[in-house]
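Throughout, protein chains are lettered first and strands after them, A, B, ... in sequence-line order, and every chain is numbered starting at 1. Fair warning: this is a prediction, and the values are worked out from it, not measured in the lab.
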Number of protein chains: 2
Amino acid sequence: MESTGPGGPRVGRRLHRAASMADVARLAGVSSQTVSRVVNGRANVDPATRERVLVAVGELDYRANAAARALATGATRTIGVIASTLSTHGAVLVLDGITEEAARHGYRISLVPVHAPSLRDVSGVATALAGRDVDALVVCVASSVLREATAGLPVDVPVVVTDGDGQDVFPAVDSDPGPGVRAAVEHLLDLGHRRVAHLAGPGDSATARRRALVWAQVLREHGLPVPAAPAGDWSAASGAVLGAALLAEHPATTAVVCANDQMALGLLRACADAGVRVPRDLSITGFDDVEAAAYAVPRLSTVRHDLVEVGRRAVRAVLQRLSPGADVGPVGLVPSEFVARESTAAPRA
Amino acid sequence: MESTGPGGPRVGRRLHRAASMADVARLAGVSSQTVSRVVNGRANVDPATRERVLVAVGELDYRANAAARALATGATRTIGVIASTLSTHGAVLVLDGITEEAARHGYRISLVPVHAPSLRDVSGVATALAGRDVDALVVCVASSVLREATAGLPVDVPVVVTDGDGQDVFPAVDSDPGPGVRAAVEHLLDLGHRRVAHLAGPGDSATARRRALVWAQVLREHGLPVPAAPAGDWSAASGAVLGAALLAEHPATTAVVCANDQMALGLLRACADAGVRVPRDLSITGFDDVEAAAYAVPRLSTVRHDLVEVGRRAVRAVLQRLSPGADVGPVGLVPSEFVARESTAAPRA
DNA sequence: GGTACGCGTGTTTGCGCTAACAGACAACGG
DNA sequence: CCGTTGTCTGTTAGCGCAAACACGCGTACC
């Protein structure tokens, strides 16, 4: 046990200042620049020297100061994530994927909240966009909303949106509802349904609009009429309200494609209240394949898509723009697939 | 329009360097220190001077460089949030509250993921704990897990846990399941149930253990036997499996208190499969009051608690330790309450 | 035998900001 | 009238790191 000098044992001293690169350099008998090289994994360091530095690093429990590094390099190694309230299930999965992939590439995640409806408070967004605190931005709010918030702001960093509507300057990464919704509608059509309604998501969500578009498209391809699709807000409550209205006003409807599982669950509830049996009297499909869908009574037929993967790809997309040429992995639309369970069946003759 | 010199118009120049404090100082005709004072809201600046600086700030669209500030002050104004995968519904709400409250106090949120099960990869946690990148830490993983991960690591920053088990050195902020679970069990007892089972959450979760404790306590207070409570993992799947076993092995059970709504939903599913009618044959209560609970068939009686508020208070707790004396708002346990709906009724005679 | 080059390492400089100190000037009291 | 106090502002230094450059040495090559 080494002596701690005249001051006696270390106990009682106030929290030690964290070791700096200079401390490591002194201990290893090299310059701090060499320490920097070792820490950053540069090749041109003698193996013996590297070893000595590494030992010193371990001894002092040295960890690089992110602020100093950011100041010196101009890069923060942080990705900002702009999200409104995380309440919708999907946003969470995307965030999960973002976090995971960012960590894999040595990036931190900085969460920038926007108070959803008002969005008056753009300050956080503005700061983030100015690019001093983050190297890149992943935007998880409806891009139309974002446009309003950022009109006129300078954008100095790569941006990717996960709910883009194709009208952005920013590239979009998202799951492609096409295959899943198409399969869902065709599944219903194959079962013999001729009047397939749609409970849509909010109009300001590009994802919601895209799902509605595919549903309408498939109906049209089969020469079927396309009923008006009332728009909800992703919630079970809206599904229940819209569903009750649909049951009352359009009793001829035999199948409903819902914009997400929550709304489908709400519709399921409305059916129970109205004495409509599922799937005997009405077939229902959801979207997202949340856990509750698989355990609902009846088990909900739905569209599965990998939102975690969307998050991962969003990160890859910004990373790609940050360091062109680097291989970051696949970017692009994530497919979706229909999962048939119990809530869909042939209509009664 | 000002001349841009022999270089011609500004178009084509590469992205302008962001304005620094020195730029603002030059434009306003003051020293950069004065700019610093204005930007940081110090009192001792002449109103006229302050105004001039503010104009220059606006003109140059100046925004402070967080890295430089952090380097100079030693404080990052960032709160680290350690969360395993965000998959459990509750974690998201807490995160939402954390983000909101942190923003209100001018703090950023840095998300530090831990790959849930293994936790071998403690590097992120270690770095965060070393305190160079964050000023404080909110830990949203089971604290027993945290202890394992941080054994021996120096902790230089305030830490608050949201799933503490009382054995930590770190203060805990959480919702208090006591009132809600007690009310749920007493509600069932009042209805006439005498054999009330419990589907517990994972054993490594302090929150889960506390819910089980209250359930057992109330039964004991009423002189009732306390059946063994099988432990699930919060998922509907585990609720379904455990529920099926319970129905098969303990047919005398007339009521089940579930550790959360997902497991209750799984149990509901198991009942449907086994031909057990709810609430006629079996009463069920959940915990969390997720949206799907209110729309389940039957509507799930459950315990409501405000996890967003837990997140807010967690932030207040660390802020309080960061600046003692400052009034940050209420800290402490968040209450819970029982919500009776359709999944509970008197047992059949 | 000299030029050329590559490699490992050290030195200098500056990123943008704030703490600490220093100075100028006005108001005020003894 | 001078010291004292207080208010506003400027100067200097340094936070910890990495970029750019300089340097010494060995090796290859003509």
Side-chain angles (χ1 to χ4, degrees), chain A residues 15-54 56-57 60-78 106 127 130-135 156, chain B residues 15-54 56-57 60-78 106 127 130-135 156:
Chain A
L15 249 34
H16 54 277
R17 188 179 60 83
S20 77
M21 211 165 238
D23 298 326
V24 176
R26 207 169 306 120
L27 182 60
V30 297
S31 75
S32 64
Q33 185 58 223
T34 296
V35 177
S36 172
R37 280 190 267 257
V38 171
V39 168
N40 290 295
R42 300 299 162 74
N44 52 343
V45 178
D46 186 272
T49 308
R50 177 184 304 274
E51 191 50 41
R52 256 189 309 145
V53 170
L54 254 19
V57 164
L60 297 176
D61 194 31
Y62 167 77
R63 235 127 354 166
N65 180 318
R69 181 174 287 170
L71 188 57
T73 60
T76 59
R77 292 199 78 79
T78 297
T127 307
R132 318 295 236 84
D133 298 0
V134 300
D135 293 347
D156 293 351
Chain B
L15 249 33
H16 55 277
R17 188 179 61 84
S20 77
M21 211 164 240
D23 299 326
V24 176
R26 208 170 303 120
L27 181 58
V30 297
S31 76
S32 63
Q33 182 59 221
T34 297
V35 177
S36 172
R37 279 188 269 256
V38 171
V39 169
N40 290 296
R42 300 296 163 74
N44 52 342
V45 178
D46 186 88
T49 308
R50 179 185 303 276
E51 191 50 39
R52 255 191 307 145
V53 170
L54 254 18
V57 165
L60 297 175
D61 193 33
Y62 169 76
R63 234 129 352 167
N65 181 317
R69 181 174 285 170
L71 187 57
T73 60
T76 59
R77 292 199 77 79
T78 297
T127 307
R132 317 297 237 80
D133 297 359
V134 300
D135 293 346
D156 294 350

Novice: Name the closest nucleotide to the B/V30 side chain, picking from D/dA18, C/dC17, D/dG10.
Specialist: D/dG10
Novice: Name the nucleic acid region contacted by A/A70, choosing base, sugar-phosphate or nothing; use a 4.0 angstrom heavy-atom cut-off, strictly under.
Specialist: nothing
Novice: Check the phosphate of D/dA18 against A/S36, side-chain N and O only, distance under 4.0 Å to OP1 or OP2. Yes or no?
Specialist: yes
Novice: What is the distance from CZ of B/R63 to P of C/dC17, rounded to the nearest Å?
Specialist: 12 Å
Novice: Any non-hydrogen side-chain atom of A/R69 less than 4.5 Å from a side-chain atom of A/N40?
Specialist: yes
Novice: Check this one for me: any side-chain N or O of A/R42 less than 4.0 Å away from OP1 or OP2 of D/dA19?
Specialist: yes
Novice: Is A/S32 near enough to C/dG10 that one of its side-chain N or O atoms lies under 4.0 angstrom from OP1 or OP2?
Specialist: no
Novice: Rounded to the nearest angstrom, tell me the gap between atom CG in B/D23 and atom C1' in C/dC15.
Specialist: 13 Å
Novice: Indicate the atoms forming the closest heavy-atom contact of B/N65 with A/L71, along with that distance.
Specialist: ND2-CD1, 4.4 Å
Novice: Testing the basics here: between B/T76 and B/A70, what is the closest heavy-atom pair and its distance to 0.1 Å?
Specialist: CA-CB, 4.1 Å
Novice: Nearest whole angstrom, please: distance from the P of C/dT11 to the CZ of A/R26.
Specialist: 13 Å
Novice: Check whether any side-chain nitrogen or oxygen of A/T34 sits under 4.0 Å from OP1 or OP2 of C/dG8, and answer yes or no.
Specialist: no
Novice: Given side-chain contact (heavy atoms from CB on, under 4.5 Å), test B/T78 with B/D133 step by step and report yes or no.
Specialist: CA-CA 7 Å; B/T78 297; B/D133 297 359; over 6 Å; no
Novice: What closest approach, in Å, do A/V53 and A/V24 show between heavy atoms, and which atom pair accounts for it?
Specialist: O-CG1, 4.1 Å
Novice: Identify the two heavy atoms, one from B/A25 and one from B/S31, that lie closest to each other, and give their separation to 0.1 Å.
Specialist: CB-C, 3.7 Å
Novice: C/dG16, OP1 or OP2 - any side-chain N/O from B/S20 closer than 4.0 Å?
Specialist: no
Novice: Quick one: salt bridge (Lys or Arg N to Asp or Glu O under 4.0 Å) partners of A/R26, sequence neighbours excluded?
Specialist: A/D23
Novice: Describe, as an angle rounded to 10 degrees, how the axis at the first end of the helix from C/dG2-D/dC29 to C/dG30-D/dC1 is tilted relative to the axis at the last end, five pairs per end.
Specialist: 50°
Novice: B/L71 CG to C/dC17 P: how many Å, rounded?
Specialist: 12 Å
Novice: Please give, in whole Å, the distance from D/dG14 P to B/M21 CE?
Specialist: 20 Å
Novice: Mind listing the residues from residues 44-52 of chain A sitting with a heavy atom below 4.0 Å of DNA chain C? Number order is fine.
Specialist: A/N44, A/V45, A/D46, A/T49
Novice: Assign each of A/A72 and B/A43 to its nearest nucleotide of DNA chain D by heavy atoms, then name whichever residue's nucleotide is nearer the 5' end.
Specialist: B/A43
Novice: Closest-nucleotide mapping onto DNA chain C: is B/Y62 or A/Q33 further toward the 5' terminus? I mean the 5' end.
Specialist: A/Q33
Novice: Please state whether the phosphate of D/dC17, meaning OP1 or OP2, lies under 4.0 angstrom from any side-chain nitrogen or oxygen of A/R37.
Specialist: no
Novice: With rounding to the nearest 0.5 Å, note down the distance linking OG1 in A/T34 to CG in A/D46.
Specialist: 10.5 Å
Novice: Could you tell me whether the side chain of B/L54 reaches within less than 4.5 Å of the side chain of B/R50, counting heavy atoms only?
Specialist: yes
Novice: For the pair made of CZ in B/R69 and P in D/dC17, what is the distance, rounded to whole Å?
Specialist: 21 Å
Novice: How close do B/R77 and B/D135 get, counting heavy atoms only, and between which atoms?
Specialist: N-OD2, 2.7 Å
